[in-house]
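See structure below.
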Amino acid sequence: MRFQLEGLTVYFPYEFIYPEQYQYMLELKHALDAKGHCLLEMPTGTGKTITLLSLITSYQLAHPEVGKLIYCTRTVPEMEKVLAELKELMHYRQRYFEESGGAPPILALGLSSRKNLCIHPKVVEEGSRESVDAGCMRLTAPWVRERAQNDQDIETCAFFDGLDAAGPDGRLDPGVYTLHDLRVMGRKRQWCPYFLARHMIAYANVVVYNYQYMIDPKVSQMVSREMERECVVVFDEAHNIDNVCIEALSVNLRQQTLDSAGRNIATLRREIERVKETDAGRLKAEYQRLLSGLQAHGALDEEDTQRWLANPALPEDVLREAVPGNIRRAEHFLAFLQRFLAFLRQRLAVAQVQNDTPASFLQALQETVQIEGKTLRFCYDRLTSLLKTLEITASDDFGGLHAVADFATLVGTYSRGFAIITEPYDDRLPSVPDPVIQLSCLDASLAMRPIFSKFQTVVITSGTLSPIDLYPRILNFNPVCIASLNMTLTRECLCPVVLTRGGDQLPVSTKFDMRSDPQVIRNYGRMLVDLAATVPDGIVCFFVSYLYMDTIVSRWNDMGILQELMQHKLVFIETQDVVETTLALDNFRRACDCGRGAVFFSVARGKVAEGIDFDRHYGRCVVMFGVPYQYTLSRILRARLEYLRETFQIRENDYLAFDAVRQAAQCVGRVIRSKADYGLMVFADKRYQRHDKRDKLPAWITQHLKDSHLNLSTDMLLCIAREFMRSMAQPYDRSAVGRTLLSEAAVNALDTAAPPPAAAAAAGGSMAPMLLD
């Protein structure tokens with residue numbers, strides 16, 4: 001349909017639109033008009049992706065001054081899904097422009113790692129992402145290609161050479177290109193898809209890539225550096241965005257890492273001696289470059305084929321001045337690294353846990369090995385320059401030294417928002433020595449600050465952002481729009497319930513003092529067996545941790561509960577091995593498809609909880625065993641909680657409950673992927689009965705949480721489950737379109753009846769109640 005939204009012509013590729021999609025577009029348009037940031041929660045399964053794409057591409061069409069849409073996703077399948085929906089939208093939009101000669105051309109593409117885009121037959125067979133990157137560099141580095149011109153035996157990449165030879169013609173025609181499309185075009189034209197995509201993002205109207213390409217400074221300074229301020233940045237499924245920010249600026253060093261770094265230094269020392277004998281001018285030229293400043297001669301700003309990653313510090317925190325004299329010469333820099341490495345080994349040999357701030361760490365470093373903090377700030381750039389000068393392409397062999405350089409640069413750059421915690425062993429396995437130095441970022445807003453300041457509109461959206469008011473405090477920004485939308489339904493296809501007692505009326509919980517109680521474990525097992533006998537097809541169970549899942553499954557096996565469960569349905573289990581889990585998921589779906597039925601055991605915060613949908617008959621019921629709190633004895637977590645309390649006045653219990661409940665909501669939301677779908681959501685823990693937990697669930701779940709569905713025992717749960725499944729088995733009345741869908745005429749009538757934007761704002765946004773009646 002094509003309709004008017006406050007004067008904006010919106011192209012939407014379906015005949016009808018949900019009221020919540022219309023309201024979502026309104027909020028999004030207000031943010032774009034105000035050139036500010038927004039925070040939007042929209043129920044899962046209501047078409048959030050196509051709503052975003054329709055509104056923003058229509059806005060780009062009406063306002064050419066708006067920059068490109070940068071759509072950030074978490075996984076490659078999500079990226080492909082976004083591009084597929086955009087392709088359908090562009091195909092639909094073309095209809096309205098056929099008479100006038102066609103729609104304005106649009107270029108949209110996805111960008112991912114070399115591992116997902118490489119088509120070179122040898123390189124693509126490398127296992128890890130690091131190995132593929134190294135294999136690519138061995139064939140495409142400038143010095144390799146320069147030597148290949150004089151030596152035919154030196155192998156280069158024919159696809160990279162083909163793209164380079166194409167010159168200005170090496171570009172993409174307007175269209176929407178998925179990763180698969182890029183690979184197909186690469187093979188057809190003999191062009192490298194990865195470098196083609198890297199080149200074309202500067203000219204694209206829509207770019208879809210991973211969070212890391214925007215948030216992680218090491219990647220974003222290479223990929224997103226040239227993006228203009230007028231761009232619209234969207235973070236989809238952003239309920240865990242604060243954790244992504246923390247991980248992007250954190251580094252862990254173990255004994256194996258330091259040993260690898262030591263070997264790397266020895267390798268570099270041998271390489272320096274070799275270069276001195278064969279081509280000493282190279283080292284002298286580098287020294288002269290460093291003398292006048294790394295950035296001045298563009299030593300680190302040339303074509304990125306010879307670079308692994310950029311500086312780990314945020315762009316505004318990178319020093320723009322000459323490298324200190326004590327690390328300009330290559331041999332002096334290696335001696336510096338050797339001293340720093342010796343200091344890290346000494347710190348790693350502690351017998352007790354040691355907590356440091358960056359300031360106290362730098363003071364100890366100065367006193368022990370006479371290294372200044374400012375020198376550390378240049379460590380990463382100096383290492384990158386040296387590797388380039390020595391023409392080293394085996395990037396995967398230098399991971400240990402890169403980690404040490406990351407650590408040094410971040411410690412030397414930031415005095416606040418970081419903690420350095422050295423642990424001789426994991427508290428959960430005190431008998432196993434596993435020393436680690438953890439440089440942990442405590443402030444998620446550090447990574448988001450340059451994004452909020454650089455781009456005029458940043459959209460943070462997900463189906464599970466509640467409680468939504470905590471995100472602006474954690475990320476330290478002021479959104480112009482905050483909205484949490486409900487779901488309009490023709491039938492009660494969501495049935496959330498809170499189980500607090502077992503069949504014997506004893507309370508159930510995964511609280512630490514109760515989780516090992518045999519009676520609690522038995523009650524959980526009996527409840528699952530009874531549900532398996534009542535609910536058809538697939539059941540998905542989420543546990544609070546891998547350790548707890550392993551324990552409870554083992555105990556159920558000893559009690560004979562597992563054998564009884566398998567009489568009703570087959571059982572499949574998620575493991576920490578990706579291949580095993582993928583195989584288990586495949587067989588789980590096959591069991592559901594053939595009518596046998598299956599139960600899938602998974603873990604909150606795991607891969608399955610974050611990225612796998614159990615739609616239709618694959619997920620007729622989801623059980624959340626317990627409240628998925630983080631490991632509260634973690635020193636890193638305790639340091640972060642203290643920082644949040646001191647800096648943002650967020651209480652520890654508030655943050656922990658917020659984090660646990662958003663994970664639980666994410667888990668149970670896996671079973672509803674459309675309004676025609678249905679599912680039973682069981683929160684199996686007495687703590688969900690409390691308001692401080694329940695009220696943090698998204699509104700689209702709590703609106704269906706009836707008083708009669710609270711404080712249930714197993715027998716009461718089974719009665720509700722039978723009644724729900726019986727009602728859902730009735731034919732779905734698809735004629736009730738008027739209540740949950742709006743036609744083109746209805747939408748245009750709404751827009752005509754609505755007050756002008758200024759009047760609506762003055763009235764306090766009275767549009768939403770009218771839409772959701």
- Task: Start with the C-alpha gap between T46 and Q21, add the side-chain angles, then the distance that decides, and say whether side chain to side chain donor-acceptor pair (under 3.5 Å) holds.
- Result: CA-CA 7 Å; T46 52; Q21 288 179 309; over 6 Å; no
Would a 4.5 Å heavy-atom cut-off, applied to side chains only, mark [X] and [Y] as touching?
X: V603; Y: Q576; value: no
X: I482; Y: Y471; value: no
X: L710; Y: R694; value: yes
X: V234; Y: I70; value: no
X: Q438; Y: I420; value: no
X: R635; Y: E423; value: yes
X: F600; Y: L585; value: yes
X: R690; Y: V627; value: no

- Query: What orientation do Y655 and F658 show, parallel under 30°, tilted 30 to 60°, or perpendicular over 60°?
  - Reply: tilted
Give a yes or no on whether a salt bridge exists between [X] and [Y], defined as a side-chain N under 4.0 angstrom from a carboxylate O.
X: K81; Y: E78; result: no
X: D615; Y: R620; result: no
X: K706; Y: E492; result: no
X: K607; Y: E574; result: no
X: E652; Y: R638; result: no
X: D586; Y: R589; result: no
X: D715; Y: R526; result: no
X: R670; Y: D613; result: yes

[X] to [Y] - nearest heavy-atom pair and separation:
X: D443; Y: I474; answer: OD1-O, 4.3 Å
X: S466; Y: P698; answer: OG-CA, 3.2 Å
X: V599; Y: C541; answer: CG1-SG, 3.8 Å
X: L499; Y: V682; answer: CB-CG1, 4.3 Å
X: V623; Y: M527; answer: CG1-CE, 3.9 Å
X: Y688; Y: G626; answer: OH-O, 2.8 Å

- Item | Which residues share a ring pair (Phe, Tyr, Trp, His ring centres under 6.0 Å) with Y211, sequence neighbours left out | F235
Going by atom types alone, do [X] and [Y] pair a side-chain donor with an acceptor below 3.5 Å?
X: N240; Y: Q666; value: no
X: E580; Y: T575; value: yes
X: D685; Y: S509; value: yes
X: Y71; Y: D236; value: yes

- How about N478: does its CG atom have over 12 heavy atoms from other parts shown lying under 6.0 Å from it? no
- Query: Is the number of heavy atoms from other residues, nucleotides or ligands within 6.0 Å of CG (D513) greater than 12?
  - Reply: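 Counting neighbours around CG of D513, more than 12 heavy atoms of other residues, nucleotides or ligands fall under 6.0 Å, so yes.
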- SG of C245 to CD1 of I215: how many Å apart, nearest 0.5 Å? 4.0 Å
- Task: Using the side chain to side chain donor-acceptor pair (under 3.5 Å) rule, collect all pairs that involve residues 498-507, keeping only residues at least two apart or in two chains.
- Result: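 Pairs touching residues 498-507 that pass the test: T500-N711, R501-Q505, D504-Q519, D504-N523.
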- Item | Aromatic ring proximity, centroids under 6.0 angstrom, F572 and F601 | no
- Item | F614 ring center within less than 6.0 Å of F588 ring center | yes
- Of V535, T534, V668, which meets side-chain contact (heavy atoms from CB on, under 4.5 Å) against C621?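 Of V535, T534, V668, side-chain contact (heavy atoms from CB on, under 4.5 Å) with C621 is met by V535 alone.
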